[in-house]
Amino acid sequence: SVDYFMGLSLALFEDGTEDQINLNSISAMSSQGMEKLGTSTYIEEYFKSKDRFGNAYVSVSGTINAPSETRSSIISVFNQKIRVYTSQDNLSKMLSHSDFDINTIGKEKVAIFIIVQDEKTTYHSLATAFIKQCYECLIDCASDNCGKLPMRTNFVLDEFANLPAINDMESVISASRSRNIRLYLVIQSNKHLDETYGQANAEVIKNNCNNLIYVYGRELQTLRDISELCGEREIQLDINTFEKKPLISTTELQHLEIGEMILLRKENYPFKISIPDISQYGFIIRKYQHSQPNESSPIEHFDIQKIVNIQRQKRIEKMLASQSQT
């Protein structure tokens, strides 16, 4: 199903206009393409005109050339996955256009907010896809600028462990600092991170964070990890007797005052710090206009049947012209 989706997408980029390149077009290509055209189907006829060694044909051929039962199973999975993003008009319209250029990130001051539903995870994969694609664009920008971004770029990823795992995140966080990219990962517990990324990858991610800020938690293993990272102190019980105790215990970590937090910085001893309430910061509030897609303008679709009929008509005209010359 992934290969089938990839093949349709590549073909759409080859033959569709910019306005037609959207997920609804890919869904329409599949549904219209499976309609019969004589002894064949529209999608088979369409891809006959493609380069047999091109990426579009190679990706889609495993589906359109498969036995009917296998093909039906693949198409069924494809329809189930893509329907999530094409069944709602407002979501389809949002995904069919962009009111900003992603390539401006890292070159000038800009802030992009991604807001997803917290009560269900249906669209969380869109957020992770954008984060990864944005990072790859930043790497390209850094490569064109002697390996470093002109403008430091910060990823503030709240509820990081609740998002689907970002591909190659352990590599991303290992290499980002040298490219002038900072990542702020907000998690509820280390266990939650282990469940999302696996214990080995989670350890790589944590070890590449130079600063660790603990605010509050109840998960016992996370509390133990923080306590051990803070180290121990020696307490003298009598003249010749000393006892080692945690610098801060798991019990103390659970009872920090509001505004208190533990800060662990690379190559520094741990700090217990207090920060002001957010209401005490002098933020400047500016009005902004929220961009919405034009509700009156419909989403344009790539018409695979129209393309096939045009191609067939051209072949017929060419054949007739050749016969008349003969």
Assign the ring pair F5 / F78 to parallel, tilted or perpendicular, where the plane angle (0 to 90°) is split at 30° and 60°.
-> tilted
Might you work through the side chain to side chain donor-acceptor pair (under 3.5 Å) test for E108 and T104, ending with a clear yes or no?
-> CA-CA 6 Å; E108 59 186 49; T104 60; 4.6 Å; no
Check the surroundings of atom CD1 in I258: do more than 12 heavy atoms from other residues, nucleotides or ligands lie under 6.0 Å from it?
-> no
Heavy-atom neighbours of I316 CD1 exceed 12 at 6.0 Å = yes
More than 12 non-hydrogen atoms from neighbouring residues, nucleotides or ligands closer than 6.0 Å to CD on E119, yes or no?
-> yes
Got a sec: does the CD of Q199 have more than 12 other heavy atoms crowding it under 6.0 Å?
-> no
Flag the pair C209 / L185 as yes when at least one side-chain heavy-atom distance between them is below 4.5 Å, and no otherwise.
-> yes
Please step through side chain to side chain donor-acceptor pair (under 3.5 Å) for the pair T86 and N24, ending with a clear verdict.
-> CA-CA 6 Å; T86 59; N24 287 60; 5.4 Å; no
Other residues, nucleotides, ligands: >12 heavy atoms within 6.0 Å of R218 CZ | no
Expected output: side-chain E252 to main-chain S249 donor-acceptor under 3.5 Å = yes
Minimum heavy-atom distance N211-K266, with the two atoms named | OD1-N, 4.4 Å
Should we say atom CG of N55 is surrounded by more than 12 heavy atoms from elsewhere, each under 6.0 Å from it?
-> no
Do K48 and E45 pass the salt bridge (Lys or Arg N to Asp or Glu O under 4.0 Å) test, and can you show the C-alpha distance, the side-chain angles, and the key distance before you say yes or no?
-> CA-CA 5 Å; K48 280 181 181 179; E45 292 298 316; 3.0 Å; yes
Would you please test D277 and S279 for side chain to side chain donor-acceptor pair (under 3.5 Å) and show each step?
-> CA-CA 5 Å; D277 183 77; S279 62; 2.6 Å; yes
Of D158, I131, T196, which meets side chain to side chain contact (heavy atoms under 4.5 Å, CB included) against L163?
-> I131
Heavy-atom neighbours of F53 CZ exceed 12 at 6.0 Å = no
Could you go step by step and tell me if Y85 and T122 meet the side chain to side chain donor-acceptor pair (under 3.5 Å) rule?
-> CA-CA 9 Å; Y85 307 109; T122 307; over 6 Å; no
Using side chain to side chain contact (heavy atoms under 4.5 Å, CB included) as the criterion, point out the one residue from T250, N190, L253, I187 that pairs with T222.
-> N190
Under the side chain to side chain contact (heavy atoms under 4.5 Å, CB included) rule, collect the residues that match up with Q88, sequence neighbours excluded.
-> N90, L91, Y123
Of S61, S59, S30, which is the lone residue that meets side chain to side chain donor-acceptor pair (under 3.5 Å) with Y4?
-> S30
May I ask you to check whether over 12 heavy atoms, not counting those of M34, lie within 6.0 Å of atom CE?
-> yes
With a 4.0 Å cut-off, would you call K50 and E14 a salt bridge?
-> yes
Looking at side-chain heavy atoms only, is the closest gap between V186 and E159 below 4.5 Å?
-> no
K191/D225 ion pair, N-O < 4.0 Å | no
Taking the side chain as C-beta and beyond, is there a heavy-atom pair between N162 and Q188 under 4.5 Å?
-> yes
Locate the shortest heavy-atom distance separating L12 from S25; write the atom from each residue and the value.
-> CD2-CB, 3.9 Å
Kindly state whether the ring of Y197 and the ring of F160 have centres lying under 6.0 angstrom apart.
-> yes
